[in-house]
Amino acid sequence: MDESVVSRVYGIMHIKLKRSPGIYIAGFMGSGKSTVGRLLAERLGWDFADLDAEIESEHQITIPELFLTRGEPEFRRIETAMMLKWVRRIECGAPTVVALGGGAFVQPGNYDLIENHGVSLWLDCEFEVIERRLTEVRYLRPLARDPVLFRNLYLERRAGYARADFRVDGTCDADVAVEAILSLPLWK
């Protein structure tokens, strides 16, 4: 880790991070939350959790299968329970970067769950980039199958994502996003 990153990381942290060392990465599906989260956690020397992967592991079912067999309301209930599990772990002092599912941050009550338990970051990626990324795997994303509904969902969720503590704008390149996050006034 280079010296400038070390000084930011070990400098005075944002007050929310002092109370509860969690960084929650929100954003639309395909915006790079898991990739950026994993890289950020590695740079910080923190733990990393991918909420969707944690759900799949604990329930032994893929997210698309969960949507298909149990429906979106049950998926959202499970997702909120998993968020709560990670919030509690972070409250116990385990510094963790959590990549949220695309809809997790905008579901009623979930923002309130994490608001005072760390810092939330919105990876704001342009729709055209997301659409390109998901072209080959759209069939695996239950909410991305209909192109018109997919675009509308992207537009609807933006207001919810805007409630995040910080917005990371830009190229949607993971390395650039991590550098942008490390440059935020979290570490000063």
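Remember, predicted model here, so these are calculated numbers, not experimental data.
Between the K33 side chain and the I25 main chain, no donor and acceptor come within less than 3.5 Å of each other. Judged by distance alone, the side chain of T80 and the main-chain N or O of R76 form a donor-acceptor pair under 3.5 Å. Using modelled atom types, one side-chain atom of S31 and one backbone atom of F28 make a donor-acceptor pair closer than 3.5 Å. In this structure a side-chain-to-backbone donor-acceptor pair under 3.5 Å is missing from D50 to S34. Side chain of Y24 to main chain of E115: no donor-acceptor pair is present (N/O by atom type, distance under 3.5 Å, no hydrogens or angles).
For the atom pair W86 CH2 and H117 NE2, the distance stands at 15.5 Å (nearest 0.5 Å). Atom NE2 of H59 sits about 4.5 Å away from atom CD1 of I78, to the nearest 0.5 Å. Rounding to the nearest 0.5 angstrom, the gap separating the CZ atom in F105 from the CG atom in L121 is 9.0 Å. Residue E56 holds its CD atom at 10.5 Å from CE of M82, rounded to the nearest 0.5 Å. Atom-to-atom distance recorded for L40:CG and W46:CH2 is 8.0 Å, nearest 0.5 angstrom. In this structure, CD1 in I181 is found 10.5 Å from CZ in R43, a value given to the nearest 0.5 Å.
Among all heavy-atom pairs drawn from F48 and R38, the shortest one is CE1-N, 3.4 Å. Closest heavy-atom contact between I90 and S20: CG2-OG, 3.5 Å. Shortest non-hydrogen contact noted between A164 and S120 is CA-OG, 3.2 Å. Taking all atoms of both residues into account, the shortest heavy-atom contact from D47 to A41 is O-CB, 3.6 Å. Between A177 and L123, the closest heavy-atom pair is CB-CD2, 4.2 Å. Across every non-hydrogen atom of A26 and Y161, the tightest pair is CB-CD2, 4.4 Å.
The pair D124-R158 counts as a salt bridge, with a side-chain nitrogen and a carboxylate oxygen less than 4.0 angstrom apart.
Annotation: salt bridge (Lys or Arg N to Asp or Glu O under 4.0 Å) contacts of D165 (sequence neighbours excluded): K16. With sequence neighbours excluded, the residues satisfying side-chain contact (heavy atoms from CB on, under 4.5 Å) with R88 are L84, E91.
In this structure, I23 and L44 have side chains that are in contact, with non-hydrogen atoms separated by less than 4.5 Å. Within the 4.5 Å cutoff, side-chain heavy atoms of L153 are placed close to those of M29.
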Would you mind writing out the side-chain donor-acceptor pairs for residues 64-71 within the sub-3.5 Å range, not counting sequence neighbours?
| from | atom 1 | to | atom 2 | distance (Å) |
| --- | --- | --- | --- | --- |
| E65 | OE1 | T62 | N | 3.1 |
| E65 | OE1 | T62 | OG1 | 3.2 |
| T69 | OG1 | E65 | O | 2.8 |

Determine whether K85 and E54 satisfy the following criterion, salt bridge (charged side-chain N to carboxylate O under 4.0 Å, His left out), listing intermediate values before the conclusion. CA-CA 10 Å; K85 176 181 174 179; E54 293 287 326; 5.0 Å; no

Check against side chain to side chain contact (heavy atoms under 4.5 Å, CB included), E79 and E72: CA-CA 10 Å; E79 182 178 57; E72 185 175 359; over 6 Å; no

Stepwise side chain to side chain contact (heavy atoms under 4.5 Å, CB included) test for V106 and Y111: CA-CA 7 Å; V106 299; Y111 170 78; over 6 Å; no

